[in-house]
Amino acid sequence: MSSTSREWIRQPIIVVMGHVDHGKTTLLDKIRGTAVARKEPGEITQHVGASIVPASVLKKIAEPLRKYFPKLQIEIPGLLFIDTPGHELFANLRKRGGSVADMAILVVDVMEGFQPQTVEAINILKEKKVPFVVAANKIDRIEGWKPTPDAPFLETIRNQSQRTINILEEKIYRIAGELYNHGFEAERFDRVRDFRRTVAIIPISAKTGEGVSELLALMTGLVQQFMKKKLVTSSEPAKGVVLEVKEEPGLGTTIDVIIYEGVLKKNDLFIIAGKSKPVVTRVRALLMPRPLQDMRMHEGRFTQVEEVYAATGVKVSAPDLDDALAGSPFYVIPDETRLQDYLKMVSEEVSELRFKVESDGVVIKADTLGSLEALLEAMRREKIPVRLADVGNVSRNDVIEASVVKKSKPEYGVILAFNVKLLPEAEELAAREGVKVFQSNIIYHIIEEYAKWVKELREKEVEKEVSSLVRPAKIRILPGFIFRRSDPAIVGIEVLGGVLRPGCNVMRSDGMELGMVVQIRDRDNVLKEARAGQQVAISIKGRIMVGRHVDEGDILYTSIPKEHVTMWLTKHRDKLSTDEYLVLKEIIEIKKKQDPFYGFTA
Ligand SMILES: Nc1nc2c(ncn2[C@@H]2O[C@H](COP(=O)(O)OP(=O)(O)OP(=O)(O)O)[C@@H](O)[C@H]2O)c(=O)[nH]1
């Protein structure tokens, strides 16, 4: 560190996650509204892709809570909220082995409880080791709720009837139960004794603002208590992550970067991952949103600054950003002699996510490095092997890779594509090769659809295998129904048990082989099968001669090959009805007399 370097505590970076419609955007608006309405003049709260609730606002919010949190002193410069909620942008906040986000608010609609994306968010937060609190939102919708706008929860709860309180308690208890199922102890925030072991649930209404001040105060307290060290940064070259790549009128392609360490200055040399190779370029301009009141007076939404400090969101304009990848690491290169080290570092990191191997596995494509990583992690979780992982639209080459796999492992010969297009020539080839492409902008939909398809595929394979096996059947030759004695013999029979189909051999009850059932008829109708209870005519081709080998009233069985019996007993026992199983046991007894290992399974 140089002698001029200085240290400071940066704002923690906070994300809002949760199921669709549970109130993420409303909560962020409320938080920003709170911040904007109560901020001192001159305080900048709008960053690029993020908003900062400054310490001055936190102090005011915490004031009414002093009686509950007597020791709460504000030591951080504020809280930095990523503006776009949900998984998609969260994925781009990636950092090798973790996330740039320091903390998350998991929004759960108190009326609906856990939903699929709540679970998905929990899994992502767990995987990325991001601590979180739960905002149990929409408490104003609880029966009989009497709202006091913007009041702390612990105050507004005192105005509610016992019945309303009981309903709320029951709903919080349910959320705590769901969290427990996912491996977390949880409790209403004011009852938590140890915040390191228990997830705090803060009942709030993003609409009325009730509880929001406690949510902010609690996060401030948690961050100060448990991650102050992590928030110390210094005037070192900046480190960040590319949140989004955007075209801007007059500026060309720009990148929105979240800086989590150090200082970024105009003209700094930096490196990011690009579509084909890492991009090394210099900052042309650093752009911050213009405060609202200035917008009318000046052209454009942005204003230039000379330097920015962590933590912040900033738009970077620079040459050669057309190939930039969202979710890429962003490093300022302190001096050009270190360029090779940085190139190696970025290439290595990217090759963990974009790769091709020669083994059987699916092809995955995603729109950003962040979403690719999220998709890759979902694959690991589901134990689905990956052959090719890359950023970009689904191309002809991707289809070729999948079709190679399809030949040996049909279930992996597919493409899973997150938020990207299927190029026309790829679509054409996929249709021709029968390669399935699963596309969505929600990861769990892709996985669900794929899992459903695999299940159907396996069922079809099982069906195919089962239909190739000779089924157990026991039949009796009906007296008075000998139509022809031999070559082929044609007799009337009754099926006593199991299912008789054409193509199978039949034997006597002492095991003597008689020949193959060629046709089954019911008067003029040719049947595909005959089941227990049915009386039909069958033709049998083979050595059988009625009168010599068999006679009226005799019992015959299907002669099941040894390998088929083993398959029935080991793999497809559930595909036999009870009466078929009983017949099978009789057949085994007969066959065992000639082959003691018939029907033997280890
Ligand atoms: N009554 C009530 N309604 C709420 C509250 N918070 C959000 N809503 C409503 O719930 C609906 C969904 O809220 P959003 O904030 O758009 O939810 P979201 O989670 O951001 O949804 P997506 O962005 O679509 O994922 C809207 O109609 C909100 O007005 C709340 O505290 N109380």
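Atoms within each ligand, like the ligands themselves, are counted from 1 in listed order.
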When you check the side-chain N and O atoms of [X] and [Y], is any donor under 3.5 Å from an acceptor?
| X | Y | result |
| --- | --- | --- |
| D398 | S395 | yes |
| N92 | T368 | yes |
| E127 | N123 | no |
| T156 | E210 | yes |

Write out the residue and atom name of the closest protein heavy atom to [atom], then the distance separating them to 0.1 Å.
| atom | value |
| --- | --- |
| atom 17 (O) of ligand 1 | G23 N, 3.1 Å |
| atom 6 (N) of ligand 1 | N137 ND2, 3.2 Å |
| atom 25 (O) of ligand 1 | K24 NZ, 2.8 Å |
| atom 21 (O) of ligand 1 | D21 N, 3.0 Å |
| atom 3 (N) of ligand 1 | K207 CD, 3.8 Å |
| atom 5 (C) of ligand 1 | K138 CG, 3.5 Å |
| atom 32 (N) of ligand 1 | D140 OD1, 2.7 Å |

Practice task
Tell me which part of H22 gets within contact of ligand 1: side chain, backbone, both or neither, using heavy atoms under 4.0 Å.
Solution key: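 The answer is the backbone of H22.
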Practice task
Could you see which bit of T26 sits under 4.0 Å from ligand 1, with heavy atoms only: side chain, backbone, both or neither?
Solution key: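 For T26, the contact with ligand 1 is made by both the backbone and the side chain.
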Exercise for the section: Establish, for the pair K95 and Y260, whether the NZ or CZ atom is under 6.0 angstrom from the six-membered ring centre and no further than 45 degrees off its axis. Expected result: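 Yes, K95 lies over the aromatic ring of Y260.
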Handout entry: Contact check: A206 vs ligand 1, nitrogen or oxygen atoms, below 3.5 angstrom
Key =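 A206 vs ligand 1: N/O contact under 3.5 Å present.
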Number the atoms of ligand 1 from 1 as they appear, then name those within less than 4.0 Å of a heavy atom of [X], with their elements.
| X | value |
| --- | --- |
| H19 | 19 (O) |
| V20 | 24 (O), 25 (O) |
| T25 | 15 (O), 18 (P), 20 (O), 23 (O) |

Exercise for the section: If the plane angle is over 60° it's perpendicular, under 30° parallel, otherwise tilted; pick one for F330 and F270. Expected result: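 The arrangement is parallel - the two ring planes meet at less than 30°.
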Exercise for the section: Answer yes or no: is there an ion pair linking D150 with K30, defined by an N-O contact shorter than 4.0 Å? Expected result: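 Salt bridge present between D150 and K30.
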Problem - Backbone N/O of V394 and side chain of K365: donor-acceptor pair under 3.5 Å - result: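 Not confirmed, K365 side chain does not pair with V394 backbone.
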Exercise for the section: Return a yes/no value: protein heavy atom under 4.0 Å from atom 27 (O) of ligand 1? Expected result: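 No.
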Exercise for the section: In sequence, state the C-alpha distance, the side-chain angles, and the governing distance for I105 and F81, and then conclude on side-chain contact (heavy atoms from CB on, under 4.5 Å). Expected result: CA-CA 10 Å; I105 300 174; F81 283 90; 3.8 Å; yes
